[in-house]
Number of protein chains: 2
Amino acid sequence: MQNTVFKALAHPARRQVLALLRKGPRLAGDLAAEFESSWPTMSRHLAVLKDADLITAERQGNQILYRVNTSVLEDAATALLGLIGGDNGDDELKEAAE
Amino acid sequence: MQNTVFKALAHPARRQVLALLRKGPRLAGDLAAEFESSWPTMSRHLAVLKDADLITAERQGNQILYRVNTSVLEDAATALLGLIGGDNGDDELKEAAE
DNA sequence: ACTCATATTAGCAAAAACGCTAATTAGCAC
DNA sequence: GTGCTAATTAGCGTTTTTGCTAATATGAGT
């Protein structure tokens, strides 16, 4: 859902995670090490991002590799741009929500 | 701040307000009438959007006219796109935050 | 099976967001 | 001034988010 995406983007730490992931996939612990928050806290941020489908998780033996999901990020950016200009109808958001 | 913008975008009603404002300026009461929430509730949503600088308010005698602030919306969209691809450094967010 | 490293889930408390009704401010008309 | 409309602010309770520690899963190695 569109809403979970924007809610996920509402927290600075989560946007930061996406920024780190932009440069390439990363292990959970590797990510957690970059932040001051406790490990469980970061784990939950990752869960929120995953729930919004902004990232994907893949087990690699003992650890878990996270990847950014570019297309969802693109959709969000497009939705924002859709809020600008455009002499279009008023239902661009509804379409994008599906 | 970047953070207030994304927090403001996190609520569906507020995104909807922006969508309505895209078509042109609107009076506060006119906007409030489009939603099911109470008028004070909408007033606060508008305050959040204004605090994030996503909209601007202008008195028109008895009433208040709201306008979308396109540039801030653009900046947010750009920030999201910056989270994608780009073999850039890791500090694009920091720059955009200023 | 036992142990270690990696990561998540459970459970709790503090903080913030949400949405309401009631009260207040702001401007216009009389 | 009073009265009326438009809109915000105050105050409250409920819900959600956040972040911690402790407990639990999951997999690899011995």
Side-chain angles (χ1 to χ4, degrees), chain A residues 1-21 24-69 76 93, chain B residues 1-21 24-69 72 76 93 97:
Chain A
M1 203 216 303
Q2 191 78 279
N3 197 38
T4 60
V5 173
F6 282 110
K7 278 200 166 170
L9 291 170
H11 197 289
R14 291 192 292 256
R15 291 196 301 278
Q16 189 89 37
V17 166
L18 294 175
L20 290 172
L21 249 33
R26 288 259 224 154
L27 298 172
D30 199 25
L31 277 171
E34 302 262 11
F35 294 83
E36 299 198 336
S37 316
S38 73
W39 207 348
T41 293
M42 288 315 296
S43 192
R44 203 162 42 147
H45 280 313
L46 293 173
V48 171
L49 287 168
K50 194 168 117 224
D51 192 58
D53 214 36
L54 277 161
I55 61 175
T56 60
E58 182 191 347
R59 272 224 102 97
Q60 298 249 315
N62 211 4
Q63 29 212 18
I64 298 185
L65 191 68
Y66 282 101
R67 262 181 247 282
V68 67
N69 191 345
L93 274 186
Chain B
M1 206 218 300
Q2 193 78 283
N3 196 38
T4 61
V5 173
F6 282 110
K7 278 202 167 168
L9 290 170
H11 197 290
R14 291 193 291 255
R15 291 195 302 277
Q16 189 87 38
V17 166
L18 294 175
L20 290 172
L21 250 32
R26 289 259 225 154
L27 298 172
D30 199 25
L31 277 171
E34 302 261 12
F35 294 82
E36 299 198 335
S37 315
S38 74
W39 209 352
T41 294
M42 289 314 298
S43 191
R44 205 171 32 161
H45 280 313
L46 293 173
V48 171
L49 287 167
K50 194 168 118 227
D51 193 58
D53 215 36
L54 278 161
I55 61 176
T56 59
E58 183 192 345
R59 273 223 103 96
Q60 298 250 314
N62 211 5
Q63 29 212 19
I64 297 184
L65 191 67
Y66 281 101
R67 262 181 245 283
V68 67
N69 191 346
V72 174
L93 273 186

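Each chain gets a letter, A, B and so on, in the order the sequences are listed, and its residues count up from 1.
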[X] vs [Y] side-chain heavy atoms within contact, under 4.5 Å:
| X | Y | result |
| --- | --- | --- |
| B:Leu20 | B:Arg26 | yes |
| B:Met42 | B:Val17 | yes |
| A:Thr4 | A:Asp53 | no |

task: Quick one: label A:Ser37 by what it contacts on the DNA or RNA (base, sugar-phosphate, nothing), any heavy atom closer than 4.0 Å.
output: sugar-phosphate
- line: DNA chain C nearest-nucleotide lookup for B:Arg14 and A:Asp30: closer to the 5′ end is A:Asp30
Whole-Å distance between [N] [atom2] and [X] [atom1]?
| X | N | atom1 | atom2 | answer |
| --- | --- | --- | --- | --- |
| A:Trp39 | C:dT9 | CH2 | C1' | 15 Å |
| B:Ile64 | D:dT9 | CD1 | C1' | 12 Å |
| B:Asn62 | C:dT25 | CG | P | 17 Å |
| B:Asn3 | D:dT17 | CG | P | 15 Å |
| A:Gln60 | C:dT8 | CD | P | 14 Å |
| B:Lys7 | C:dA16 | NZ | P | 8 Å |
| A:Lys50 | C:dT8 | NZ | P | 7 Å |

query: Does a distance-only test, which skips hydrogens and angles, find a donor-acceptor pair under 3.5 Å between the side chain of B:Arg44 and the base of C:dG19?
result: yes
query: Counting only heavy atoms not in A:Glu58, do more than 12 fall under 6.0 Å of its CD?
result: yes
Please confirm whether the shortest side-chain N or O distance from [X] to OP1 or OP2 of [N] is below 4.0 Å.
| X | N | value |
| --- | --- | --- |
| B:Tyr66 | D:dA6 | no |
| B:Thr41 | C:dC18 | no |
| B:His11 | C:dG19 | yes |

